[in-house]
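By convention in this document, chain letters (A, B, ...) are assigned in the order of the sequence lines, proteins followed by strands, and residues within each chain are numbered from 1.
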Amino acid sequence: MEYKFSHIEKKWQKIWKETNAYKVSNTSDRPKYYVLDMFPYPSGAGLHVGHPLGYIASDIFARYKRLKGFNVLHPMGYDAFGLPAEQYAIDHGIHPAVSTEDNINNFRRQLDNIGFCYDWDREIRTSDPYYYKWTQWIFLQLFHSWFNRKTQKAEPIAELVKLFEKEGNASHPCPGDLSIRFNEQTWAGFDEHQQMEILMDYRLSFCGYGEVNWCEALGTVLANDEVVNGVSERGGFPVVKKKLRQWYLRITEYADRLLEGLERIEFSDAMKEMQSNWIGKSYGAEISFAFKGSTSQLTVYTTRPDTIFGVDFMVIAPEHDLIDQITTPDQKQAVEDYIAYVKSRSERERMAEKKISGVFTGAYVLNPFDGREIPVWISEYVLAGYGTGAIMAVPCGDERDFKFAKHFNIPITNIIGSHYNGEEANPTKDAILENSGFLNGLVMRDAIEAALKKIEEIGIGTRKVNYKMRDAAFSRQRYWGEPFPIAWKEGVAYPLPESELPVVLPHIDEIKPGREGEGPLSNLPEWIKSSPIGGERESSTMPGYAGSSWYFLRYMDPHNDNAFCDRKVSDYWGQVDLYIGGTEHAVGHLLYSRMWTKALYDLGHIGYDEPYKKLVNQGKIGGDSRLIYRVRGTNQYVSVGLKDQYETDELHVDVTIVDGLELDQEAFKRSRAEYNNATFILEDGKYICGSRLEKMGKRYFNVVNPDDIVAKYGADTFRMYEMFLGPVEQDKPWDTKGIEGVHRFLKKLWRLFYDEVKGQVWNTEAPTDAEWKVLHKAIKRAEEDTERFSFNTTVSTFMICVNDLADLKCNKKDILQPLLVLLTPYAPHVSEELWHLLGNTTSILDAEYPTFEPKYLVESNKEYPVSVNGKVRTTINIALDAAQDDVEKIVLSNDVIQKWMEGKPHKKVVYVKGRMVNVVV
RNA sequence: ACCCCGGUGGCGGAACUGGUAGACGCGUUGGACUUAAAAUCCAAUUUGCCGAAAGGCGAGUACGGGUUCAACUCCCGUCUGGGGUACCA
């Protein structure tokens, strides 16, 4: 009886399906555990071996937790809305709904091949109206809410209206526009239109105007990555900034809570760092400087008020409002030219530019403390959107300011004495201030506070906390996304009642951009006019991250028609205990879904405000490309070792026709017509390819399809090999060759039970101590390593165990059966098969995880490494319970040790019980 | 430029709180079984030197320092690869 993996795997996959082995109940006496994968966008290319890495890891952990007695939720679904499907429709005329369905079916087939334990009854698709009904519903919750800064949480906007009626907005300044101020009488005097406009500036999902990448030739709005060097990626048409009406999420109100929450969740430091950098909280001050000979003022934002005496010039953004007003007549032309130049440049160019540019406005402001005249410049390195769009430049302390000053020959004031060397700026906070008026003699670190106090005291500025993060744009002028449950009446957005949900995405035969930057839905006048509350429907759709911001909740209660998720159910499942996915979603998806969770929590819909308790980032699997070398101008190919003797062109060759590094010459000739008469220059009769590690992708011909691997070696081998490659978090190259080792391991395991010649070899004899020891060593390590997600070392633990048992010729059921349970999360099919062959009638999926018993590992002696002055010289067998004195005696009397002590007296003997002994002389 | 993560044999990697560096696997070499192949098994495999061998001596975890009885592990500096962010004041 041999190991027929393909037969075994098909058989058990069928049985597990028929017996609903992976069905999960929302009620259980067992403790819960929620394992979630970042769900995939079902692309047309299908899965390559890099994709399932995280899925396998989570599957192993889910199965492990189940064996440990947990009720485990481990669902899967599809992030099914998105741009590629829409683009595919435009290019090939196939409707996104159709291509998405096809792609999902293909993904599902590939996933099933690998033997995952997903409860497919809980599958979700974000593009399914039954799902996006609730995406729209949550959007409405956000629309009907505002963020109360006093309580630091989302509250119903109806409450805010009551407050306005009672006391105006004095105690709740408007986050959308600080200049909006009114009392209860003025509020009562506003008409509905005005009131709705004001409320819009408070809502958590709101409509405003934002700049987008507008491509006139394509008649559409482009995403940042669709714009390359200021032109569209497709077609190369010009792209300009255009202000369009857009929906936003007021995520900035949550900035502090998003920061605070990071302290309560287990994300990697790198991930937390990325999120807090993105949020970009900084403490500083806004300071106003009076213009010379004018009543107007220039307000700047700075984090270093201590350097105020070192200000040598001001820089304002080219978009700054004051420019027209302050520019002197003789500088007018220069300023206009500069602004025209800046406008001609795309945002990307502006950001990438390292060269210094700018223009003087002719205006001066006065330093409030010493009255010094400070010139005001314009430069593109200051951004309009951050702070006040104006900075005070301190060239001795800031590198960019320094370079600017040097470039335009602006004199530099040194306020930090010897810390400034005239060659480069020094951003230190440790210098003692000089040339700094009332701050002289203070250490900068302390001067910050002193300066702030003074600035506030004389009323020229206030402390200010700034965030880099912006409100999140939430609308797309696209077709393949969730429609908004919104209708417009005379320029005012009205929400549709909940009873109208879902607003189903209408069918479009041909997807084309609408007019005036509107989305394709605007081409359906009948649909636009079909609003149940009158007016016109919103023609934009929601972005990709809408559906993914809350999907972890829907898996808990996927068929609920009355709620996005029953509160009792979300209370039972709680947070996602383990979330596995790639780093590429570090700031997008993870921040948005954290915000949605907080809002849902604030509004009482769920009982926790962080969605993911622990996040593990899986690394990427790189492709190992194979290269061949064509002798230039010929159809002759030279093996890598000889290529330097010729002038060659390097070509990628499909990795599937290369065995290791050796090219299958016949397969190569067959692969393309142009290679039919290829000839080769060989070394040792072989054509050896070059290799290079690159991203796995079609263009490099290095894609390895998991289907092929599973067909050749089986799912169990594939699963274990993906884990064996290295730590899950780490990037690593794929090497198909190495899979043999794991496959051999499974065959070796099989032979402990059945022999090709002898048939059954397993028996029911009583194990020896040595055999128990091998088993329990494996139990201990497999459990510890799985718990800390060290799946690669668990696999080697299994190998060591099987090697040891084979050496001991142990075929005993008492040993082999618990081993199968340990192995189940990693190789479920072969474990289940052998489990049944041992005579079990229930499924191994619900077996009990073996308990480690230390007694089998207890030893009385250890072969201690003994060093002299830190160098290991010999090993001595010493009793484990030996005391320091005994050990000293034994060790010092040892011949080898005496030799290395060279007759010198020992200073001390370091004895670490169970570890080592070191003699210091 | 800043931040984060890494750098260990021919290769993927192991060494968890400092305690015998290189587990496990791939590859390579030699051997057994076989008519042959596949499969399987055995042995060797960081490196230099001495030795017929058993074995011994020395070096070694990117590089240079340091702390320690003891450093892949901790500290300082440098180089280098990858990722993130970006004229963010």
For nucleotides [N] and [M], find the distance between their [atom1] atoms and express it as a whole number of Å.
{"N": "B:U8", "M": "B:A23", "atom1": "C1'", "result": "13 Å"}
{"N": "B:A70", "M": "B:G13", "atom1": "C1'", "result": "26 Å"}
{"N": "B:U67", "M": "B:C72", "atom1": "P", "result": "16 Å"}
{"N": "B:A54", "M": "B:U61", "atom1": "P", "result": "27 Å"}
{"N": "B:U68", "M": "B:C16", "atom1": "P", "result": "23 Å"}
{"N": "B:A37", "M": "B:C33", "atom1": "P", "result": "12 Å"}
{"N": "B:C11", "M": "B:U47", "atom1": "P", "result": "12 Å"}
{"N": "B:A86", "M": "B:G18", "atom1": "C1'", "result": "39 Å"}

With a 3.5 Å cut-off and no angle check, do the side chains of [X] and [Y] form a donor-acceptor pair?
{"X": "A:Lys899", "Y": "A:Asn894", "answer": "no"}
{"X": "A:Trp278", "Y": "A:Ser276", "answer": "no"}
{"X": "A:Tyr338", "Y": "A:Ser357", "answer": "yes"}
{"X": "A:Thr794", "Y": "A:Thr797", "answer": "no"}
{"X": "A:Tyr826", "Y": "A:Thr786", "answer": "yes"}
{"X": "A:Tyr301", "Y": "A:Ser282", "answer": "yes"}

* To do: Please step through side chain to side chain donor-acceptor pair (under 3.5 Å) for the pair A:Glu787 and A:Tyr64, ending with a clear verdict.
  => CA-CA 9 Å; A:Glu787 288 281 355; A:Tyr64 167 77; 2.7 Å; yes
Nearest to the side chain of [X], which nucleotide is it out of [options]?
{"X": "A:Pro865", "options": "B:U20, B:G19, B:G13", "answer": "B:U20"}
{"X": "A:Asn803", "options": "B:A14, B:G19, B:G25", "answer": "B:G25"}
{"X": "A:Glu273", "options": "B:G12, B:C3, B:A15", "answer": "B:C3"}
{"X": "A:Val872", "options": "B:U20, B:G25, B:G58", "answer": "B:U20"}
{"X": "A:Glu784", "options": "B:C16, B:C24, B:G19", "answer": "B:C16"}
{"X": "A:Arg915", "options": "B:A89, B:U17, B:C24", "answer": "B:U17"}
{"X": "A:Met274", "options": "B:G84, B:C24, B:C87", "answer": "B:G84"}
{"X": "A:Val920", "options": "B:C69, B:C24, B:C57", "answer": "B:C69"}
{"X": "A:Asp785", "options": "B:A89, B:C16, B:A70", "answer": "B:C16"}
{"X": "A:Ile800", "options": "B:C69, B:C24, B:A86", "answer": "B:C24"}

Provide, to the nearest angstrom, the distance between the [atom1] atom belonging to [X] and the [atom2] atom belonging to [N].
{"X": "A:Leu591", "N": "B:U85", "atom1": "CG", "atom2": "C1'", "value": "14 Å"}
{"X": "A:Ile279", "N": "B:C3", "atom1": "CD1", "atom2": "P", "value": "19 Å"}
{"X": "A:Asp731", "N": "B:C4", "atom1": "CG", "atom2": "P", "value": "19 Å"}
{"X": "A:Asp804", "N": "B:C24", "atom1": "CG", "atom2": "C1'", "value": "12 Å"}
{"X": "A:Lys907", "N": "B:U68", "atom1": "NZ", "atom2": "C1'", "value": "13 Å"}
{"X": "A:Met469", "N": "B:U85", "atom1": "CE", "atom2": "P", "value": "15 Å"}
{"X": "A:Met392", "N": "B:A89", "atom1": "CE", "atom2": "P", "value": "13 Å"}
{"X": "A:His407", "N": "B:C87", "atom1": "NE2", "atom2": "P", "value": "20 Å"}

Which part of the nucleic acid, if any, lies within contact of [X], taking any heavy atom under 4.0 Å across all strands shown: a base, the sugar-phosphate backbone alone, or nothing?
{"X": "A:Lys468", "result": "base"}
{"X": "A:Trp734", "result": "nothing"}
{"X": "A:Asp401", "result": "nothing"}

* **Base-pairing string, 5' to 3', of RNA chain B - Watson-Crick or wobble, under 3.5 Å, | interstrand** => (((((((..(((......[....)))((((((.......))))))(((((....)))))..(((((..]....))))))))))))....
According to a strict under-4.0 Å criterion, is [X] in side-chain N/O contact with OP1 or OP2 of [N]?
{"X": "A:Gln730", "N": "B:G13", "result": "yes"}
{"X": "A:Lys899", "N": "B:G56", "result": "no"}
{"X": "A:Asn792", "N": "B:A14", "result": "yes"}
{"X": "A:Arg781", "N": "B:A14", "result": "no"}

Atom [atom1] of residue position [X] - does it have more than 12 heavy atoms of other residues, nucleotides or ligands inside 6.0 Å?
{"X": "A:Lys907", "atom1": "NZ", "answer": "no"}
{"X": "A:Trp750", "atom1": "CH2", "answer": "yes"}
{"X": "A:Lys403", "atom1": "NZ", "answer": "no"}
{"X": "A:Lys780", "atom1": "NZ", "answer": "no"}

* Measure the SG-CG distance between A:Cys689 and A:Leu663 for me, rounded to the nearest 0.5 Å. =>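 The distance works out to 4.5 Å.
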* To do: Could you check A:Thr875 against A:Val919 and say which one's nearest nucleotide on RNA chain B is further toward the 5' end?
  =>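 The 5'-side residue here is A:Thr875.
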* Using the closest heavy atom to pick a nucleotide of RNA chain B for each, name whichever of A:Val795 or A:Asn869 lands nearer the 5' end. =>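 Taking each residue's closest nucleotide, the earlier one in sequence belongs to A:Val795.
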* Verdict with reasoning, A:Tyr713 to A:His743, per ring-ring contact (aromatic ring centres under 6.0 Å, His included) -> CA-CA 7 Å; A:Tyr713 298 101; A:His743 194 59; 5.3 Å; yes
* Asked: What string of B, S and - do you get for nucleotides 26-47 of chain B, 5' to 3', when a contact is any protein heavy atom under 4.0 Å?
  -> SS-----------SSS------
* Asked: Does B:G9 sit syn or anti, given that only angles within 90° of 0 count as syn?
  ->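 Syn for B:G9; the angle stays within 90° of 0.
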